[in-house]
There are 2 protein chains.
Amino acid sequence: MSEEPHFLKEEKDKLEIGRSANSDATLEPLQLGKRVREIRLSQNLTLEEASKLTGLARSTLSKIENEQISPTFSAVSKLVQGLGIDIPQLFSQPKSKSSAGGRRDITRSGEGTPHPTPTYEHELLATQLTSKKMIPFKTTVHTHSFNEFTDWVRHDGEEFLYVLSGSLLFYTEFYEPIELFPGDSAYYDCEMGHALVSTSEEDAVVIWVTA
Amino acid sequence: MSEEPHFLKEEKDKLEIGRSANSDATLEPLQLGKRVREIRLSQNLTLEEASKLTGLARSTLSKIENEQISPTFSAVSKLVQGLGIDIPQLFSQPKSKSSAGGRRDITRSGEGTPHPTPTYEHELLATQLTSKKMIPFKTTVHTHSFNEFTDWVRHDGEEFLYVLSGSLLFYTEFYEPIELFPGDSAYYDCEMGHALVSTSEEDAVVIWVTA
DNA sequence: AACAAAAGTTTCCAATAGGAAATTTTTGTT
DNA sequence: AACAAAAATTTCCTATTGGAAACTTTTGTT
């Protein structure tokens, strides 16, 4: 549907880089060995220790890390299990995992990035940080009638909603519309069609967080 | 065929002791073959066709699907590439993808689940839903001095913070403390130590979302 | 039912992964 | 620098994978 802030897609795309294989032929370098070594070292493990944890021989681990063999699926499973690796992590690139994880981004009231649409007026928060798990924004709901929507808003993920001011009707595809007032909140699956309509004189304002 | 492949036995053994040994992270059945077959059939491909697409022999594919061999990583890569499979998809269980994705949980103002601590008073929101990607809560910050914290709060994930009322100091391990007022928000990595201290007469109230 | 064609499985063997131990490299200490 | 200890790599060998072709089962047609 058109109303959906397209920035969501953008963010998602960004997040998904490296996930699915490229449509075209080239089998990516996909240096499994390199990744494994990174992971092992990041946990300060020697081959010997990793060997005990995974049940794979030291020599086998060494060969895997040096890309001298193509481990069998069961070997990979043991690796994953033994080192507590998150599978996607294995296949995704360097992953700013060890990126110190010390990021912080402050957004002063009203200083977010504006992103207007016909129905909603979004103010994106924490836009200085990229690769976030969540996308927070403050939204003013201009709509005062459900008719103003051409279709359900629908996208991947889950959403949390908190009403700051005004009152509104929360329409969802599979439930009766429900009226929300300041302080009320909702959590829902975004694949389910959803839409907000202000019922108060002034436009309702909400906090929205998508993940 | 006389013997059952070695690796299969191993897996089974592991599964049996799995309970007493490793409480969590148990290597599940993980029926790679089954998944592959499902995927191939869902695309209406014969082994012959899949063979051409992946570059793997018909016989090899058959054996993989029947769990008679543990494919090497390079074989898995070819599979993934040829059939356009998403790797994590391969490793994850049947995936309760069918989670219908039509969940919704409304929490009225003040009706969340209380969760008091010495320093904060949390009100958990959307507690009727489980398996959420995000955990939202409204928190009243009782603390009025940084000394009341014995140590940094630190945990996995990322956090989004929005100030509803009052003013407070946002302390983080790697940055100067910064004062926040209603409408201000912050987004940060939780592995970095963090703490909130009210600076207004009354306790500050914030919305917190963790993912 | 009988047959033919298509799909899938199994066999057999060459190629390669995985483990134990030997060898080499790296690290740390005097 | 020399040595010892720790870590990583390589060797050597057995067990398993992967492919070609033979074989079996299933499907569809008359």
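Hydrogens, waters and symmetry mates are skipped; everything else that's a heavy atom, side chains included, is used. Residue numbers start from 1 in every chain, and the chains themselves are labelled A, B, ... in the order their sequence lines are given, proteins ahead of strands. All values reported here derive from a predicted model rather than from experimental measurement.
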Side chain K78(A) and base dG18(C) donor-acceptor under 3.5 Å: no

Could you give the CD-to-C1' distance, from E67(B) to dG18(D), as a whole number of Å? 17 Å

Can you find a side chain N or O atom of Q68(A) that sits less than 4.0 Å from OP1 or OP2 on dA17(C)? no

Among dA20(D), dT11(D), dG8(C), the one nearest S59(A) by side-chain distance: dT11(D)

G-U wobble or Watson-Crick pairing nucleotide for dT9(C) (cut-off 3.5 Å, both distances): dA22(D)

Whole angstrom value for the distance that separates P of dG8(C) from CD of E48(B): 10 Å

Can you tell me if N66(A) touches the phosphate of dT9(D), counting only side-chain N or O atoms and a distance under 4.0 Å to OP1 or OP2? yes

Please state how far atom CD1 in I64(B) lies from atom P in dG8(C), giving the value in whole angstrom units. 14 Å

Rounded to the nearest angstrom, tell me the gap between atom CG in L47(B) and atom P in dT26(D). 14 Å

Please determine, for dT30(C), whether a Watson-Crick or G-U wobble partner exists with both distances under 3.5 Å, and give it or none. dA1(D)

Checking dT9(D), dG8(C), dG19(C) against the side chain of A57(A) (C-beta onward), the nearest is dG19(C)

Counting only heavy atoms from other residues, nucleotides and ligands, does the tally under 6.0 Å from CD of Q128(B) exceed 12? no

Will you find, in the side chains of E159(A) and H194(A), an N or O donor that is under 3.5 Å from an N or O acceptor? yes

Can you classify the ring geometry of F137(A) versus H122(A) as parallel (below 30°), tilted (30 to 60°) or perpendicular (above 60°)? perpendicular

Among the candidates dG18(C), dT9(D), dT10(C), find the nucleotide nearest to the side-chain atoms of S62(B). dT10(C)

Rounding to a whole Å, what distance do you find between L61(B):CG and dA20(D):C1'? 14 Å

Tell me if a side-chain donor or acceptor on Y187(A) pairs with a main-chain N or O of M134(B) at a distance below 3.5 Å. yes

Counting heavy atoms from C-beta on, name the nucleotide in dT9(D), dA7(D), dT17(D) closest to the side chain of T46(A). dA7(D)

What's the closest nucleotide to the L56(B) side chain, out of dG19(D), dA21(D), dG19(C)? dG19(D)

From CG of L45(B) across to P of dA6(C) the rounded distance in Å is 17 Å

NA contact type, T72(A), heavy-atom cut-off 4.0 Å: base, sugar-phosphate, or nothing? sugar-phosphate

If you look at every strand shown and take non-hydrogen atoms under 4.0 Å, does I69(A) touch a base, only sugar-phosphate, or nothing? sugar-phosphate

Rounded off to whole Å, could you give me the NZ-to-P distance for the K52(B) and dG19(D) pair? 15 Å

Nearest to the side chain of R37(B), heavy atoms from C-beta on, is which of dG18(C), dG8(C), dG18(D)? dG8(C)

For the base of dG8(C), is there a side-chain donor-acceptor partner from K63(B) under 3.5 Å away? no

Ring-face cation of K138(B) near Y162(A) (centre distance under 6.0 Å, axis angle within 45°): no

Check the distance between dT16(D)'s P and F73(A)'s CZ and give it to me in whole angstrom. 18 Å

Test item: T107(A) side-chain N/O and A126(A) main-chain N/O as donor-acceptor pair under 3.5 Å: yes

Of all the choices, dA20(D), dG18(C), dG8(C), which nucleotide is nearest to the side chain of R58(B) once you look at every atom? dG8(C)

